[in-house]
Protein chains: 2
Amino acid sequence: MGITIKDIAKLANVSPSTVSRVISNSPKISQETKEKVYKAMKELNYEPNVIARSLANNSTRILGLILPTSEDDLFENPFFMQAMKGISVYAQKKGYYIMYAFSENEEKELEFIKHYVRSKLVDGIILFTSRQNDKCISYLKNVGHPFVLIGRPEQPNDVLWVDNDNFRAMYNVVDFLVKKGYKDIAFIGGPENLYVTRDRFDGYRKALQTHAISEDDKVVKFAKHFSKQAGYEAMKEILAYKIPQAVVTTDDLLALGATHVLNELGIKGVAMVGFNNTYLAEYQVPSLTSVDINAHKLGEYAAKLLIEKLQKKDMPYTHYIVDTVLVERESTRL
Amino acid sequence: MGITIKDIAKLANVSPSTVSRVISNSPKISQETKEKVYKAMKELNYEPNVIARSLANNSTRILGLILPTSEDDLFENPFFMQAMKGISVYAQKKGYYIMYAFSENEEKELEFIKHYVRSKLVDGIILFTSRQNDKCISYLKNVGHPFVLIGRPEQPNDVLWVDNDNFRAMYNVVDFLVKKGYKDIAFIGGPENLYVTRDRFDGYRKALQTHAISEDDKVVKFAKHFSKQAGYEAMKEILAYKIPQAVVTTDDLLALGATHVLNELGIKGVAMVGFNNTYLAEYQVPSLTSVDINAHKLGEYAAKLLIEKLQKKDMPYTHYIVDTVLVERESTRL
DNA sequence: TTGAAAGCGCTAACAC
DNA sequence: GTGTTAGCGCTTTCAA
């Protein structure tokens, strides 16, 4: 049907293999031959068949993303879209394609990964893994298929991954607040068993220490979910004890819930900080100061690591730490 | 390297073509042969090479999504993610894969589409086209490559597309408000030149007519952007004239801006309705009644149409209208 | 530097 | 029903 390498070869008066060499920009092709071939390609409006190349090369240049379905809230978090865009933009630049799939649960996820790997559809896989995703990771490690994680893994030394420095991010938030004059700072975190929560909590404590502010367990709460409701309840518990000058949280939704309580009770002047800088933060009244985790960059670096790995099989396991940015809004300018 | 059809053939004591027929579930293969082959596949842990199949079949079973980069706000709208999920879920069920790419502008978009088509990478394309995207659409029409649009096209009769019934959706909103006792209802729409705005406006007018409520131009405003700021300004203009009993908008952000004015001025009891049911609506105080456009279904049907087209080349051009749902929250329970 | 030819893994006539 | 064989469009030895 379409134009093939043979048509080009005929028109340019060379052999198909020469055309192939021109396509892959082989160095041992004379300039004039190259130009002849390019001309023929232009003339016939030729573009190589990607699939045929993939088969011959045993490589598709396709990266597969595995997205968790999870609870809708999490899933509609702009984080995913931003990361997907970061991945896509970098990949496009390097001539890679992106495929994605949603998985309902870990079992399905594993199935899909297996399919991707065994059918040779994708050259590498990017996992959006917040939960401890042993099965998939260990499968991929086992079969030795290239992959990269977004989010710090349990064993950080034998996989490729990207993440924020969550310790530092929260440290900076607290430091920022203290320097603004707030001393009595409460903490509302997500589930305590998550790395991300623990790291941020540690950052909180360290910053207090640095500023010689004594910690107070009673203003520290860990919510069971990243929900507004959970933030609401945590804040209520804190208020039952005292009214802090400021509240740091590990998620915008938690911050929203906490703010809600304060509004209900008519308590003014308590500074509030969220995390993830979702657009909920921006469109709140008062708008919410929040930490931008730079999902776009996380995606970009994930793609970068993976593609480097694909091009250098023996690349050492490594990772990227993406900087966060504190976006100040009205909730800390009271 | 890997296991191929030949290995299976050998082990099962049949010819490669028989194995191939088993793979594609050909009806003219005896049950016992099938089982022999399946057994061999299991034993060797075999999975067909998707790329080789694609080459031989001249079909990849890959659908390509073209996503607009556009303004960040729009892009982070959960709409895209929901639609992408709808597409993915349906496609997976039918054994299709999804590839996506972001395009910076129409030019890049066209380039990408051309590449997809000419390199034979994708079997079909899904366009997220809100703007009038002539170049891409006419290219695809020209080359006769299967594609489907999310959003009503200029010429609705020679392409496949899916969309909401925007007229009806807004009609229902107004009808709902009137039945609750609101009569004096203002309208804040997006840019007037968009179909979606016009259709919704028509629905608004029709509903007023139906209930024998006279229209009042002075409570009708069209914003230049879908932004909070634009909603804010439109509402101010309306208030300069009078305080309506209710306000319908064509976007949650517009509704947020409008609500903001009311709060500032301490005006209570004005009902407010948004559109798109983003999670901004849910997490607002008071939470915002909004029309859910069911992006998931839009995606699902887009995939469905496209896949049907791929399987029946001569399928007539048609479209799906996806129902909207009015999600009532506090802003209409005042 | 270029060409001839085998092969990547699977499918689809065509034969039997 | 099943096997034989010639591709699908490109890459890559191996020779020249």
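Throughout, protein chains are lettered first and strands after them, A, B, ... in sequence-line order, and every chain is numbered starting at 1.
At the heavy-atom level, A/S54 lies nowhere under 4.0 Å from the strands shown. Across all strands, B/L55 comes closer than 4.0 Å to base atoms (heavy-atom distances).
Listed by chain and number, the residues in a ring-ring contact (aromatic ring centres under 6.0 Å, His included) with B/H319 are B/W161 (sequence neighbours excluded).
Across residues 4-25 of chain A, A/T4, A/I5, A/S17, A/S20, A/R21 each have a non-hydrogen atom less than 4.0 Å from an atom of DNA chain D (numbered order).
Heavy-atom minimum distance, B/L44 versus B/I3: O-CG1, 3.7 Å. Across all non-hydrogen atoms, the minimal contact from A/G64 to A/Y116 is CA-CE1, 4.0 Å.
In this structure, A/K309 satisfies the cation-pi test against A/Y317, with its NZ or CZ atom closer than 6.0 Å to the six-membered ring centre and inside 45 degrees of the ring normal.
Checking the phosphate oxygens (OP1, OP2) of D/dG9, no side-chain nitrogen or oxygen of A/Y46 falls inside 4.0 Å. In terms of phosphate contacts, B/N58 brings no side-chain nitrogen or oxygen within less than 4.0 Å of OP1 or OP2 of C/dC10. Contact check, B/R53 against C/dG9: no side-chain N or O comes under 4.0 Å of OP1 or OP2.
Heavy-atom nearest nucleotides on DNA chain D were determined for B/A52 and for B/I29, and the one closer to the 5' end corresponds to B/I29.
Which of D/dC10, D/dT2, C/dT11 sits closest to the side chain of B/A56 comes down to C/dT11.
Relative orientation of the B/Y97 and A/H115 rings is parallel, given thresholds of 30° and 60° on the angle between their planes.
Of the N and O atoms on the side chains of A/T18 and A/S15, at least one donor lies less than 3.5 Å from an acceptor on the other residue.
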